[in-house]
Amino acid sequence: MALRLYNSRTRSLEPFAPLQAGRASIYVCGMTPSFHPHLGHARTFLTFDVLRRHLMARGYEVTYVQNVTDIDDRIIERAATEGVPWDDIVSRYLAEYEACAQRLGLLKPDHEPRATREMSAIVDIVNGLVQKGAAYESGDGVYFAVEEGAFPHYGELSHQSIDELRAGVRVAVREDKRGRLDFALWKKAKPGEPTWPSPWGPGRPGWHIECSAMARKYLADQIDIHGGAADLIFPHHENEVAQTETYTGKVPMANFWVHAGLLNVDGQKMSKSLGNFTPLTQILDRYPAAVVRYLFLQTGYRKPSNFTAESIDAAGKGLRGLYADLDALRARAKSNAAPGSRSPAPSPASLEEFDAYLDDDLNTAGAVGWLQTYVKCSLKDGGADASIVVATAQQCLERFGLPSDAESAGLTATSSQVKLNKAARMELSIIAGEREASDLELVEKVISARDDARKAKDWAKSDRLRDALARAGIAVKDTPSGAQWSVDGRS
RNA sequence: GGCGACAUAGCCAAGUGGUAAGGCAGAGCUCUGCAAAAGCUCCAUUCGCCGGUUCGACUCCGGCUGUCGCCUCCA
């Protein structure tokens, strides 16, 4: 079976055929660091991270480029509001994004070009477009002449005609251009704005042109897959296609346009004004990154997705369950293993079943279901070779970019995660008769006091202590080998 | 107004022209001092509504309704 992907350009599912045998080039529109990265960013980049991992697993040599648009109107506005230099804004939010990307386990792009460092490539394209007569200089910039028919295929990607698009244009924009649909390739400097030199005087690139320049420079005139979130289809990608294809004369610039669905929060579009905008950093502080990843894997990447506290809690429990079953299989494999035996290879047949889901337009949700069933059934079926199942499941987790066990996924309690609030600390320190002990020591003291009570069959005291721990956010469970505890909701 | 996506159990969510994966929640039982955890079992005669095609549709076609998104701020 071969990979099939939904191509927004043709609105159909197509077999993936690379331009060069064995290679795949992907360009994904990355961050504009003008504000905090949010969950929607995470969803988009996780989607392409999994696509990339799957292509690699299928034997392609993948070149993945994800740009940074580090100059645009919003960055300038933000800087003006805060009264700081524009590049302070960029470095602040870019650093925040990179920290999040690392926590999410996103593979590092092969190239991460930044618009401001690619000015000559940008100016070259604008120049070329002007020379071809597809663009013109006006009082405030250089514009692409959509309305004069510079690009006959304009609108094909977003499947709208020029007339339809024109009808949709809202308020008259105060730009000095000939046609309403014409868009800026280069913006001449206004006072106080950052500038770069150009044949049209100091200024800065318009939005869209940077991607045309960087995709060509770091990949080629024509690439296999161009990705981004669905909200970029128009105008960003439409304009990008117009620029690149007019400039290079090669069609199409991207064989596949792959768009990730947008994310809603509590049923509504995420926005600052609705007050449901949560920086990604805060989400990752609250939930393990692996849970965020698992949550999005459970949804088709093209579908609109709704984020709620319930949905991520359920995802966390589902992932924990998977890891628990896997641990049980590991234990079985260990007890069955002959001394000195090597760990076995994954089952090719099972792996193929898993990959078949991903081949089907990256059906991660189906693949998750398959993996849950595979692990659960293997656990019930004593006849299955546990070590092979474990090896196979680990491969699947790697395809997903998920850690191989609960501990590395940050799902188990560790001493550093014990943080008692004031009231809880007070209560436990009274019970323990300790004032100076660390949070961790306090918890352990109370646990052992409870153990003593249980040995003495003083159930009332034992339950009292368990309740106190529960109020402090510590869950206790008694096992044959003694009491185990965990930070609530963590394990 | 134009363009599009989606509509499957309490929630999330796969899927197929031949009779509904999985997760969460819930219920019962086992275990347990009681819990928790774990194990076992159960949980959509039905896939928004109405027509059509078909031996047969949730799956294909047409219409309707609803939700959401895009139409130069957007990942």
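Small disclaimer: the values here were computed from a predicted structure and weren't measured. Note on naming: letters A, B, ... go to the chains in the order of the sequence lines (proteins, then strands), and numbering restarts at 1 for each one.
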Measure from CZ on A:Phe307 to C1' on B:G69 and round the result to the nearest Å.
20 Å

Tell me which residues in residues 141-153 of chain A put a heavy atom below 4.0 Å from RNA chain B, sorted by number, or none.
none

Between B:G39, B:A75, B:G15, spot the one nearest the side chain of A:Thr44, thanks.
B:A75

For the aromatic rings, using the six-membered ring if either is Trp, is the centroid distance between A:Phe277 and A:Phe35 under 6.0 Å?
yes

Between A:Arg166 and B:G1, does any side-chain N or O lie under 4.0 Å from OP1 or OP2?
no

A:Gln298 side-chain proximity, nearest of B:C71, B:C74, B:G23
B:G23

Over how many whole Å does the gap from A:Trp257 atom CH2 to B:A75 atom P extend?
15 Å

Indicate, with a heavy-atom threshold strictly under 4.0 Å, whether A:Ala260 touches base, sugar-phosphate, or nothing.
nothing

Step through the shown structure and confirm whether more than 12 heavy atoms of other residues, nucleotides or ligands are within 6.0 Å of CD on A:Gln102.
no

Please tell me whether A:His237 and A:His208 have a donor and an acceptor in their side chains that are separated by less than 3.5 angstrom.
no

Would you call A:Lys188 and A:Asp140 a salt bridge, using N to O less than 4.0 angstrom?
no

For residues A:Tyr97 and A:His41, establish whether the separation of their ring centroids is below 6.0 Å.
no

Categorize A:Leu263 for me: base, sugar-phosphate, or nothing, with a 4.0 angstrom heavy-atom threshold over every strand shown.
base

Interatomic distance where NE2 belongs to A:His237 and P belongs to B:C74 [whole Å]
11 Å

Toward the 5' end of RNA chain B, by each residue's nearest nucleotide, A:Lys380 or A:Gly318
A:Gly318

Provide, to the nearest angstrom, the distance between the OH atom belonging to A:Tyr357 and the C1' atom belonging to B:A14.
8 Å

Scan A:Gly30 against the nucleic acid and name what it touches under 4.0 Å (heavy atoms): base, sugar-phosphate only, or nothing.
sugar-phosphate

Are A:Arg302 and A:Asp361 close enough for a salt bridge, meaning some N to O gap below 4.0 Å?
yes

When we call it a touch if two heavy atoms are under 4.0 Å apart, what does A:Gly300 touch: a base, just sugar-phosphate, or nothing?
sugar-phosphate

Closest-nucleotide 5' rank along RNA chain B - winner of A:Ser158 and A:Gly366
A:Ser158

Taking the side chain of A:Gln160 as its heavy atoms from C-beta onward, which of B:A36, B:C73, B:G2 lies nearest to it?
B:G2

Taking only side-chain N and O atoms of A:Lys376, does any of them lie within less than 4.0 angstrom of OP1 or OP2 on B:A21?
no

What interatomic distance, in whole Å, is found between P of B:A13 and the corresponding atom of B:G17?
22 Å

So what does A:Val476 touch, heavy atoms closer than 4.0 Å: a base, only the sugar-phosphate, or nothing?
base

What nitrogen or oxygen pairs link the protein and nucleotides 28-34 of chain B at under 3.5 Å?
| residue | atom | partner | partner atom | Å |
| --- | --- | --- | --- | --- |
| B:G33 | O6 | A:Arg454 | NE | 3.4 |
| B:G33 | O6 | A:Ser462 | OG | 3.4 |
| B:G33 | N1 | A:Asp463 | OD1 | 3.0 |
| B:G33 | N2 | A:Asp463 | OD2 | 2.6 |
| B:C34 | O2 | A:Arg466 | NH2 | 2.6 |
| B:C34 | N3 | A:Arg466 | NH1 | 3.0 |
| B:C34 | N3 | A:Arg466 | NH2 | 3.3 |
| B:C34 | N4 | A:Asp478 | OD2 | 3.3 |

Ranking B:G22, B:A75, B:A14 by distance to the side chain of A:Ala365, first place goes to B:A14

Assign A:Lys455 to base, sugar-phosphate, or nothing according to its heavy-atom contacts below 4.0 angstrom with the strands shown.
nothing

Using a 4.0 Å heavy-atom cut-off, does A:Trp370 contact any base of the nucleic acid, only the sugar-phosphate backbone, or nothing at all?
nothing

Taking atom P in both B:A25 and B:G62, compute the distance separating them and give it to the nearest angstrom.
41 Å

Just call it for A:Gly369: base, sugar-phosphate, or nothing, with non-hydrogen atoms closer than 4.0 Å on any strand.
base

So that I can tick it off, tell me whether A:Arg92 and A:Glu82 are bridged by a salt bridge, with the cut-off set at under 4.0 angstrom between side-chain N and carboxylate O.
yes

For the pair made of CZ in A:Arg11 and C1' in B:C6, what is the distance, rounded to whole Å?
14 Å

For A:Phe400 and A:Phe354, I'd like to know if the aromatic rings sit close, meaning centre-to-centre distance below 6.0 Å.
yes

Does A:Lys303 place a side-chain N or O at less than 4.0 Å from the phosphate oxygens OP1/OP2 of B:A7?
yes

Check whether the ring centres of A:His36 and A:Tyr93 lie less than 6.0 Å apart, and answer yes or no.
yes

So A:Asp73, base contact, sugar-phosphate only, or nothing? Heavy-atom distance under 4.0 Å.
nothing

Is the shortest distance from a Lys or Arg side-chain nitrogen in A:Arg78 or A:Asp73 to a carboxylate oxygen in the other one below 4.0 Å?
no

May I have the distance from A:Leu371 (atom CG) to B:A13 (atom C1'), rounded to whole angstrom?
16 Å

Quick one: is B:A35 close enough that its OP1 or OP2 comes under 4.0 Å of any side-chain N or O from A:Lys477?
no

Please confirm whether A:Arg178 makes a cation-pi placement over A:Tyr136, using NZ or CZ under 6.0 Å from the six-membered ring centre and within 45° of the ring normal.
yes

Determine, for A:Asp163 against A:Arg166, whether the closest basic-nitrogen to carboxylate-oxygen distance falls under 4.0 angstrom.
yes

Crowding at CD, A:Glu148 (>12 non-hydrogen neighbours, <6.0 Å):
yes

Just to be sure I understand the rule, does A:Leu232 reach a base, reach only the sugar-phosphate, or reach nothing, if contact means heavy atoms closer than 4.0 Å?
sugar-phosphate

For RNA chain B, write out the stems as range with range, using runs of 3 or more consecutive Watson-Crick or G-U pairs with both distances under 3.5 Å.
B:1-7 with B:65-71, B:10-12 with B:22-24, B:26-30 with B:38-42, B:48-52 with B:60-64

Have a look at A:His38 and say if it touches a base, only the backbone sugar-phosphate, or nothing, with a 4.0 Å heavy-atom cut-off.
base

Whole Å only: how far is the OH atom of A:Tyr27 from the C1' atom of B:A75?
13 Å

Heavy atoms only, 4.0 Å cut-off, all strands: where does A:Thr373 land among base, sugar-phosphate and nothing?
sugar-phosphate

Output the single nucleotide from B:A75, B:A13, B:G23 whose closest atom is nearest the side chain of A:Arg74.
B:A75

Counting the atoms with a prime plus P, OP1 and OP2 as sugar-phosphate, which does A:Asn239 contact under 4.0 Å by heavy atoms, base, sugar-phosphate, or nothing?
nothing

Do A:Thr281 and A:Glu96 have a side chain donor and acceptor closer than 3.5 Å?
yes

Can you tell me the distance, in whole Å, between the NZ atom of A:Lys317 and the C1' atom of B:C11?
12 Å

Selected nucleotide, minimal atom distance to A:Phe234 side chain, candidates B:C71, B:C68, B:A75
B:C71

Does the distance from a Lys or Arg side-chain N to an Asp or Glu carboxylate O, for A:Glu14 and A:Arg4, drop under 4.0 Å?
no

